[in-house]
Each structure stands twice: as C-alpha cells, then as structure tokens.
Amino acid sequence: MDLARLRNLGIAAHIDAGKTTVTERILNLCGVERRVGRVDEGTATMDWMAEERERGITITAAATRVRWADHDLNVIDTPGHVDFTVEVERCMRVLDGAVLVLDAVAGVQAQSETVWRQMARHGVPCIAFVNKCDKTGADPLAAAETLATRLGARPLPIQYPIFEDGVFTGVVDLVSRKALFFHADGSLRDGEVPAGLWDEAEVLRAEMVDTLAEEDEELLGAVLDDLEPEVATLQSALRARTLTGELVPVLFGAALRGIGIQPLLDAILTALPSPLDRPPVVGHDPITGAELPPRGPDPGGSLTTLAFKLHAGAHGDLTFVRIYAGTLKSGMKLWNPRSRRMERPPTLRRIHADHGVDLDEAVAGDIVALTGCKQTVTGDTLCDRAEPIALEPLTFPEPVVALVVEPVSADDRDKLRVALDRLAHEDPSFRVRENTNTGQWTIEGMGELHLEVQLHRLEQEFRLTPRVGQPRVSYRESLVGGGRGAAEVDRTMGGSRIFGSVEVELVPEPGEQAPAIVWAEGGERIPPEFRPAVEEALATESGSGPRFGFPLVGGQIRVVGGGSSEGADAEAAFAQAATQALRIALESAEIALLEPQMTFEIESPEEFSSGIIADLGSRRAEVSEVRAEGPKRILVGTVPLLEMFGYATAVRSLSQGRADHVLKPAGYTRVPEAELEVRGLIWS
C-alpha cells in the first residue's frame, strides 16, 4: 500500500446538517453503492442500525472504504447529536483529517463547536463543506464566515457558489478558474464562469491567492511579479496551510442533489493529510512508565495499534483499531499492556457499515476491525509483546442522566446482566451499576435520548424489555476534605494463613474524574505483584461514595503504607485490606454532593424569546448571551440538569414548535447542604 495515497477522514457536523447524505453520495460516486441512500426514507447505508433508520439520525460512527482517483479513503460517518458525541471523540483520536459539514442557512451550530474542539484537541486538520446551498434562505458565504465568528478559525473559500435565477446549479473553482455545473443525474461538466459572476469570483480568488502567498515564497514571488500562479503551486500552498491548521478550505454544495461532491473528494486528496503527514505516535513503557521513542507509520516496525471503538452485536464483538506501526495479520497474537493478557483475534476485517470483508493483513496507517477480542476495551493498546508500548488512553466525559432498570422475571436476570455488560463494554459513556440488595441496575448516560436508545437496543437486539424507572440526575460525591485509613488482614483461609496490610490517604483535588490511585512514599512496602489487586480494589470501592452511594470523584487515593509477611502474602488479603482502609479513610473525609450543569443554546423566533427567557429563569438558568441573527434569537447559558427533564416538550409549547435547543454537559457544581433535604437525599 502506498501510504501517500491513503486518507483517514471523518465526516462530522451538527445534527441535520447533512453529513450522512454527503457520505452516501461519496459511496455512490466511488462505485461502492449503486443507489444513493436517503436518511429521511430510512435507506441510508451508513445509518444501518434499526434505531438510526427509525429516528433519522446517526447514533454510532460507521466506517467504510472507498477509492477515488487512485487513492484509498477510510471514511467514518460520525453522529451529530450531542448525546453521542463520545463517538466523535474516539474517532477523532485516530483520524488524520476531517470534513466539517455546515448548513448553508445556519452555518456553525452548537454541535459544530463541540466537533471543532474535538478536532483541535487531537490536532486533526479539516476542510469545510457548506451543504444545503439549495435551501430557502441559504447564504453560503455568510455560513462560511461563521467559522471565523463562532470558532475563531480562518476560513478560506476555494469555490464561489453559482445561482442561476435563484437556483443553485454549481460552483466556480477559484483555483482553476473553471465553472463546474451539476445535472440532476449527478453528472458534472466544466464551463466558463458566467459573465455576471466573473468580477465577484475574481475578487474572492485574489483574496485566496494573497492569503496563500503569506507563507509561500514561490507564490509570493509570482504575486509580486504580477504573474499568474500555477494551479499546482496554489494546491501545494493550500495543502501546507491546511495541514498546520492555519486555514480551513471551504467548499459549497447540496449533497441531496449531488452538487459539489466530486470537487469535495478532489479537495480531500489535495488538502487533507495522509498517514505520512502526521507526527509519529508516542507511548510509554507499560512497566516502567518511561517514554519510548516515537513510532511512525512503518509497515516493518514493531506492531502498535490503538483500539478506539467497539461494537457489541448479538452475534459477536468488533474491535476497531488504528495501526500506527508494523503489520497486523489475521490470527496474530497481540499483547494488551493494560489487561496484561494476550489477544488472538481470529479474523481481520475491512468494514463497510454493518458488514465487511476478511483480510489477510493490514499495514501501518490503516484502520480495520478485529473479531473475538475478549479483554480489550476502548482506548487499549494492542502491540507486540516483545516490544510493548502503552499509548495514551482516551478520556470521556462523565454521564449525567440515570435510570433504574430491573428484569420482569427471574429468568431474565442473567440475560439482562449480560446484555447491559455488553452495551457498557461497547460504549464508554454508558455506565452500569448493579445493586445486589435490590436486584436493580442503575444505568447512566449522556442524556435522555442516549438511554432511550440503549433501552430500545435491549429490546431489539437482545429481546429484553426490563422495567424502567423515571430519568434522574446522575449525581457525584466529591472529596472536599482529606482522610486517612489503614487496615490489616491476617487470617486463615482454606487451611492456610493469608496476610495483607494497606494504608491509604485521601487528597482532595478539584475535578470530576474518578480519584487517581497514586503510589506514594511508603507504598513500596506492598510487594509489586500485589499492587494491581490493590489498585483494582480501591477503584471498585470508590465507585460508590460513602454518603449517598454515588460514584466518588475529585482527588487522589494515595497508597502511603502497607506491610508484608513472607510466605503468607496473598492477593485476596491485600485487596480486602485496601477496601477496608479506604472505607476507614472515607469515614473521616468531608464529602460534598455534586450535580451536573448543562450549557444550552436555544434558537427561537424573536417573538417567543421573552417567554423562553422567563421560563429559563424559573429553572435556575443563567442566560449569558442573547444574540440576534436576523429574525432569530440565540439564547446561550447554563442550567442545572435537574431542571431540564422534559424541556423539549416545554420549549415546543412556548414557541409553537418553532424553537430548537441543544444541551451539552458543562461540568458539575456543589449542591448546598440545605438543598439535600429538599431533594429527598437526607432526612431531618
């Protein structure tokens, strides 16, 4: 495989901007699918889950492979709804580039901002495709400008939209100075730039050339000498600035009508990076923690892969991996440094939506799927045991909404446990906690829709319909004051003496993640072979806080002491001692209750905005911005999640169904002690 001719890219957008339609057009143009699937008809190839086709939204990231102009493209269609933003996060971690799809009327929207931050966090360069330019009220250039006003990006239009009698028919390619016209059958023809558009297009082209010449000496020389720059020179300058993230090339189209997709594919090849353009991956030694030399996309190098996505199906699991170095072969033994286990997936597969083809091998730079991985979770490294490496794992936001579920019969109990564990294994933002005293499970997710989808999957994929409680806030318990505890286990088990001693200290630190387990001075008294058991016991015990049973967050659990008795040391004893020591430390620690906050963005006609603001005030919301965009008003602020259950119905009623809203997690805030009794969490 020629890695210079490989592109790993994601298609990302706010919900309903048309990214799945863009992907469907790409599949058709590249000859992968004969028909163009439609989201509104439930026939989209990439929206293959029953839930996606019923709801008309993308829920899980779907991968495919296409070929265009002698290049191979691994394309991942990502979700646009905020409840499934974790899918975007883990895909951006392994992708080399992205296409950000914008609505030509709305421009950058709330989830566009989230996707942009995810791209920036992982250093993923992108191009923008302003879609739906044929929509009533479309203003493609104004939509492109929102990249600057809302994201702080530097958009660079490389096309100019063509409207004939108010109908969007094509684009002017500003690089080649050609007009591209699209027909109803999706065919494309070159032509002269319409006379009425020539002056405007030339002004925009001059701005493009001046911008590209800022960092390109050859192009700057041509501009200063008043020479016409070569197309190849412009493309080279555009690529260089796109790869650094300084510029975002902007293209225009209408995917539903097949307008603009061929030039988009060409721009992907021209402007987005290959695996060779990306920096080598850096990891550390899983035993010593020392940083290892970077590993680049060398098929002959030591195998290094990252498991970034799992899919738990009723008939088996798929583990999606990005290969950073080496060659991955079918049936090859792989070492997982986190679980300290070997994996031997029987099949290596090239995925297309919900199916795929088996491969004998895949090389560095590629994205493939493995079957049969038993011990691997999202974010794990799979590598050569002879040269182990641990890549930085992925991090995910804490869930904010919870439900209680229970089986309808005793016969379903084990089936429900297995099904919930499989869904949690697939989705790191979906948490499951079993209460053995009540026989119920608490499931947590990123929003009401997220949990609703998971419940429907239980019914459709696992043939289970549990009893379900009302949605409630997923609180957290936070360390505010420190504590210390020590415990020793010295007893007889199975006729043999077992011993273990552990001392821990709690150190509060602001944050919303589970407490980090740290080995401090004194922790070396615990033999190294028993430390994993101590860590696992502390992590399990901290999953339930001491006051209300919510997960514990915000601090460190420092192992500061312990003891050993030669010949009697046992893993079970150290695990039990760690659990007891943590319980003692928590008894003396100060614990506060945290509740999730949400940021909201509400788009409403002006005449309904005052009523919506008044309603938000009654919900303890803080409105930080009211922005006018023509006849619309954009309301931005924060609000406790507790106050927003069922808000979709309320805002529809307040606006006669004409307002849209997006809620996104915005961290946690402390609940005043006086509020706890009001909420029924403590009793006087």
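Both backbone and side-chain heavy atoms feed into the values below; hydrogens, waters and symmetry mates do not.
Taking Gln656 as the reference, Phe608 meet the side chain to side chain contact (heavy atoms under 4.5 Å, CB included) condition, with sequence neighbours excluded. Residues passing the ring pair (Phe, Tyr, Trp, His ring centres under 6.0 Å) test with His352 are His355, sequence neighbours excluded. Scanning for salt bridge (Lys or Arg N to Asp or Glu O under 4.0 Å) contacts around Glu113 gives Arg150, with sequence neighbours left out. In terms of the salt bridge (Lys or Arg N to Asp or Glu O under 4.0 Å) criterion, residue partners of Arg38 (sequence neighbours excluded) are, by chain and number, Asp40, Glu41. Applying the side chain to side chain contact (heavy atoms under 4.5 Å, CB included) test to Asp615 and every residue at least two apart in sequence or in another chain returns Ser618, Arg619, Tyr647, Leu654. By the side chain to side chain contact (heavy atoms under 4.5 Å, CB included) test, Pro428 is found to be paired with Val86, Arg90, Thr378, Phe396, residues two or more places apart in sequence or in another chain being considered. Partners of Phe181 by ring pair (Phe, Tyr, Trp, His ring centres under 6.0 Å), not counting sequence neighbours: none found. A search for salt bridge (Lys or Arg N to Asp or Glu O under 4.0 Å) contacts involving Asp412 returns nothing, not counting sequence neighbours. Residues that satisfy the ring pair (Phe, Tyr, Trp, His ring centres under 6.0 Å) test with His450, not counting sequence neighbours, are Phe84. Every residue was checked against the salt bridge (Lys or Arg N to Asp or Glu O under 4.0 Å) condition with Arg93, not counting sequence neighbours, and none meets it.
A salt bridge does not link Glu675 to Arg670: none of the charged nitrogens lies less than 4.0 Å from a carboxylate oxygen. Under 4.0 Å is where a charged nitrogen must lie from a carboxylate oxygen, and between Glu629 and Arg627 at least one such pair does. Using a 4.0 Å cut-off between charged nitrogen and carboxylate oxygen, Glu477 and Arg547 do not count as a salt-bridge pair. Ionic pairing of Glu426 and Lys309 is not present here: no N-O contact between side-chain nitrogen and carboxylate oxygen is shorter than 4.0 angstrom. Looking at Glu444 and Arg476, a side-chain N of the basic residue comes within less than 4.0 Å of a carboxylate O on the acidic one, giving a salt bridge.
Using a 3.5 Å distance cut-off with no hydrogens or angles, the side chains of Lys664 and Thr114 do pair a donor with an acceptor. Side-chain polar atoms of Glu595 and Tyr668 form no donor-acceptor pair below 3.5 angstrom. With hydrogens and angles left out, the side-chain atoms of Glu434 and Thr442 include no donor and acceptor closer than 3.5 Å. Side-chain atoms of Thr669 and Gln597 form a donor-acceptor pair, as typed in the model, at a separation below 3.5 Å.
Note: Leu403 CG to Leu451 CG = 5.0 Å, rounded to the nearest 0.5 Å. Note that CZ of Arg154 and CG of Leu247 are 5.5 Å apart. Values are rounded to the nearest 0.5 Å. Rounding to the nearest 0.5 Å gives a distance of 9.0 Å between CG of Leu663 and CG of Asp83. Atoms CG and CG, on Leu9 and Asn74 in that order, are 8.5 Å from each other to the nearest 0.5 Å. Taking CD1 from Ile26 and CG from Leu265, the interatomic distance works out to 5.0 Å, rounded to the nearest 0.5 Å. For the atom pair CG of Leu204 and CG of Asp199, the computed distance is 12.5 Å after rounding to the nearest 0.5 Å.
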Solution key, residues 122-134 side-chain donor-acceptor pairs under 3.5 Å, sequence neighbours excluded:
{"residue": "His122", "atom": "NE2", "partner": "Glu89", "partner atom": "OE2", "Å": "2.7"}
{"residue": "Asn131", "atom": "OD1", "partner": "Ala255", "partner atom": "N", "Å": "2.8"}
{"residue": "Asn131", "atom": "ND2", "partner": "Ala17", "partner atom": "O", "Å": "3.0"}
{"residue": "Lys132", "atom": "NZ", "partner": "Asp16", "partner atom": "O", "Å": "2.5"}

Name each donor-acceptor pair under 3.5 Å that joins a side chain in residues 637-645 to protein atoms two or more places apart or in another chain, with its distance.
{"residue": "Glu643", "atom": "OE2", "partner": "Arg620", "partner atom": "NE", "Å": "3.0"}
{"residue": "Glu643", "atom": "OE2", "partner": "Arg620", "partner atom": "NH2", "Å": "3.2"}

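Between the side chain of Gln118 and the main chain of Thr85, a donor-acceptor pair closer than 3.5 Å is present. Formation of a donor-acceptor pair under 3.5 Å by the Arg472 side chain with backbone atoms of Gly469 is not found in this model. Of the possible polar contacts, one joining the Asp427 side chain to the Ser429 backbone as a donor-acceptor pair under 3.5 Å is found. No donor-acceptor distance shorter than 3.5 angstrom exists from the side chain of Gln440 to the backbone of Glu406, with no hydrogens or angles considered. For the pair Thr23 (side chain) and Lys19 (backbone), a donor-acceptor distance under 3.5 Å is present. A donor-acceptor distance shorter than 3.5 angstrom exists from the side chain of Thr211 to the backbone of Glu207, with no hydrogens or angles considered. At least one donor-acceptor pair closer than 3.5 Å links the side chain of Asn28 to the backbone N or O of Arg34. Between the side chain of Thr78 and the main chain of Ile11, a donor-acceptor pair closer than 3.5 Å is present. No donor-acceptor pair closer than 3.5 Å links the side chain of Thr146 to the backbone N or O of Thr149.
Within a 6.0 Å radius of CD in Glu625, other residues, nucleotides and ligands contribute more than 12 heavy atoms. Counting non-hydrogen atoms of other residues, nucleotides and ligands closer than 6.0 Å to CZ of Arg35 gives a total above 12.
Between Val108 and Leu147 the shortest side-chain heavy-atom distance falls below 4.5 Å. Contact check for Leu593 versus Phe548: side-chain heavy atoms found under the 4.5 Å cut-off. Taking 4.5 Å as the limit, some side-chain heavy atom of Leu102 sits within range of a side-chain heavy atom of Ser112. Taking 4.5 Å as the limit, every side-chain heavy atom of Met208 sits out of range of all side-chain heavy atoms of Pro157. Val662 places a side-chain heavy atom less than 4.5 Å from the side chain of His14. Residues Tyr160 and Val171 have side chains not in contact (no heavy-atom distance under 4.5 Å, counting atoms from C-beta outward). In this structure, Thr45 and Glu24 have side chains that are in contact, with non-hydrogen atoms separated by less than 4.5 Å.
In this structure, Met46 and Ala353 approach most closely via the heavy-atom pair SD-CB, 4.3 Å. Between Phe430 and Val432 the shortest heavy-atom distance is CE2-CG2, 3.6 Å. The heavy-atom pair separating Leu464 from Ala419 by the smallest distance is CD1-CB, 3.8 Å.
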message: Show, in sequence, the C-alpha distance, side-chain angles and deciding distance for Leu156 and Val250, and conclude whether the side-chain contact (heavy atoms from CB on, under 4.5 Å) test is met.
response: CA-CA 6 Å; Leu156 182 70; Val250 182; 5.8 Å; no

